[in-house]
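Data first, discussion second: the structure below is written as structure tokens.
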Number of protein chains: 2
Amino acid sequence: MSPTPQERRAARHQLGTGPDAPAARRGPSGGRKKPITVDAIIASAFGIVEAEGYEALTMRRVAAALETGPSSLYAHVVNKEDLDELLIGRLCAEIELPEPDPDRWRQQITGVCTQLRDQYLRYPGISRAAFASAPSNLDTLRVGEGMLAILLAGGIAPQTAAWAIDSLMLYVGAYSLEVSLANRRLARSDEEWVVGRDELLRRFAALPDTFPNSKRYAAELTAGTLHDRFDFTLGLMLDGLG
Amino acid sequence: MSPTPQERRAARHQLGTGPDAPAARRGPSGGRKKPITVDAIIASAFGIVEAEGYEALTMRRVAAALETGPSSLYAHVVNKEDLDELLIGRLCAEIELPEPDPDRWRQQITGVCTQLRDQYLRYPGISRAAFASAPSNLDTLRVGEGMLAILLAGGIAPQTAAWAIDSLMLYVGAYSLEVSLANRRLARSDEEWVVGRDELLRRFAALPDTFPNSKRYAAELTAGTLHDRFDFTLGLMLDGLG
DNA sequence: CGGATCTACGAACAGTGTTCTACGTCACTA
DNA sequence: TAGTGACGTAGAACACTGTTCGTAGATCCG
């Protein structure tokens, strides 16, 4: 008996299921170019998200990319929620975890966070799925384990390290989601709305007098690249650790 | 000419429109109990989200609560996106901003963030709308102005303060969203899946040996109330400020 | 060869946001 | 006072969404 999608999902969450036999049985349309597999579904999904953003990721779009109907996917995937989880799992699996070096724990943690951020930004809006996906996923836990190892090697107390990892991963996801949404808003607005930095400054200057500080420090509020802010926040959190 | 919803929306973003005349003109169904107004829509929407979560907030549900059809809403609201923006605007308007006290800036900032968190958690999942909503909303900016005033009074450099506010609001939204989603997952799973802390510990213990640190420090990883983690992260960021 | 088993897929269902069009009722003008 | 234009209210419909049901077809095991 080949595993149902439900069992695959349970296995991913480490709920004690037997080993899964591949059981590559071919279906009715034997003459098709590629049989539908979970990996093929994931690959198609990534392609769609990379090209058109997470909002464009629908079951029908994936099915169409695989030249089939929507219902065919449900033999390999439980849900769209399940597909989301598979995506962020695969995404986390790509993260390279360095061998912990006590003298460079700060750079190493920053490096992992930056990898995660860049993966999220490569597939715009996918971090929204990361919020919904349960943290019991094995691939997600692998990243947590890696960061924990780095922090512990750096001499951080276990309790502090555990909570800090939570905060860091949460922030990285939130940052990526916000950037993705902002980019989408920019791209969607039919030009003309393109808010350059000077336009932003003008708008701050036009604020009513109930916003004295925002008006005075408009320059500071609008300064910096996105990644500058990212680095700043990471530094903020890491400096508090030790 | 009474303002179209588009104009109302533009006014909220401070785009230079004339003053809006109320023009409370009654429609055809003069005998209805309450005429449909933007405020009535917002109130109904909040009621739905508070009772059933953000996922249940649909145009049809709001319309049904107002005893009308979905299309009637579009005379007062541009979009669902627009409705979302109205909601988080109203939500931010409820935040009380203290008079800056240089000696207590830490507590004051924490207080504002806690208010924001509790508002988000009162309406589960609504923080998802906060991510999408443009930061040019006046009510959102008011909160930013208040936090900026507190940090500046506390002697924080303007550039640091501006970026820190960004990070803080982003984290508060992310935290609230994650908690809301986790609660929903817990409530939705048909009992039996209820993962108490001991069940969580058991599951950590059952991890493969590739997760040595996660297994050893399972207690630390699962320790603490949610709000403990929130306070911890806020402390982390604020300590880095000065 | 026969029966069991699993994949693939078309059709359909209950939802979603949004738009079009008509319908009354109101406020203002001649 | 009668007419007229404007505006809020809806009903119906469109193009979508995720998901399920039933069925046809190919494969494997006995």
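What you see below is based on every heavy atom in this structure, not just the backbone, and it leaves out hydrogens, waters and symmetry mates. Proteins get letters first, then strands, A, B, ... in listed order; numbering begins at 1 in each.
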Quiz item: B:Ser71 side-chain donor-acceptor pair to D:dA10 base, under 3.5 Å
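Indeed there is one.
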
How close or far is atom [atom2] of [N] from atom [atom1] of [X], stated in whole angstroms?
X: B:Lys80; N: C:dT18; atom1: NZ; atom2: P; value: 8 Å
X: A:Leu73; N: C:dC9; atom1: CG; atom2: P; value: 10 Å
X: B:Tyr74; N: D:dG11; atom1: OH; atom2: P; value: 16 Å
X: B:Leu83; N: C:dT16; atom1: CG; atom2: C1'; value: 14 Å
X: A:Glu55; N: C:dT16; atom1: CD; atom2: C1'; value: 14 Å
X: B:Asp84; N: C:dG17; atom1: CG; atom2: P; value: 10 Å
X: B:Arg61; N: C:dG17; atom1: CZ; atom2: P; value: 11 Å
X: A:Met59; N: C:dG10; atom1: CE; atom2: C1'; value: 17 Å

Compare every heavy atom of [Y] with every heavy atom of [X], then report the nearest pair and how far apart it is.
X: B:Ala223; Y: A:Trp163; value: O-NE1, 3.3 Å
X: A:Met59; Y: A:Leu83; value: SD-CD2, 4.3 Å
X: A:Ala56; Y: A:Ile48; value: O-CG2, 3.7 Å

Please state whether the rings of B:Tyr123 and B:Phe46 are parallel, tilted or perpendicular, taking 30° and 60° as the class boundaries.
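Geometry flag for B:Phe46 against B:Tyr123: tilted rings.
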
Minimum-distance nucleotide to [X] side chain [options: [options]]:
X: A:Thr58; options: D:dT9, C:dT19, D:dT17; result: D:dT17
X: B:Pro70; options: D:dT19, D:dA10, C:dT18; result: C:dT18
X: B:Arg60; options: D:dA13, C:dT19, C:dG10; result: D:dA13
X: A:Ile36; options: C:dG17, D:dG8, C:dA8; result: C:dA8
X: A:His76; options: D:dG18, C:dT19, C:dA8; result: C:dA8

Would you say B:Asn79 places a side-chain N or O within less than 4.0 Å of OP1 or OP2 belonging to C:dG17?
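For C:dG17, OP1/OP2 do not have a side-chain N/O of B:Asn79 under 4.0 Å.
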
Taking 4.0 Å as the cut-off, does a side-chain nitrogen or oxygen of B:Thr68 come that near to OP1 or OP2 on D:dA10?
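So the side-chain polar atoms of B:Thr68 do come within 4.0 Å of the phosphate oxygens OP1 or OP2 of D:dA10, strictly under.
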
Passing option when A:Tyr54 is tested against A:Leu177, A:Leu181, A:Ile126 for side chain to side chain contact (heavy atoms under 4.5 Å, CB included)
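Of the listed options, the one satisfying the test is A:Ile126.
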
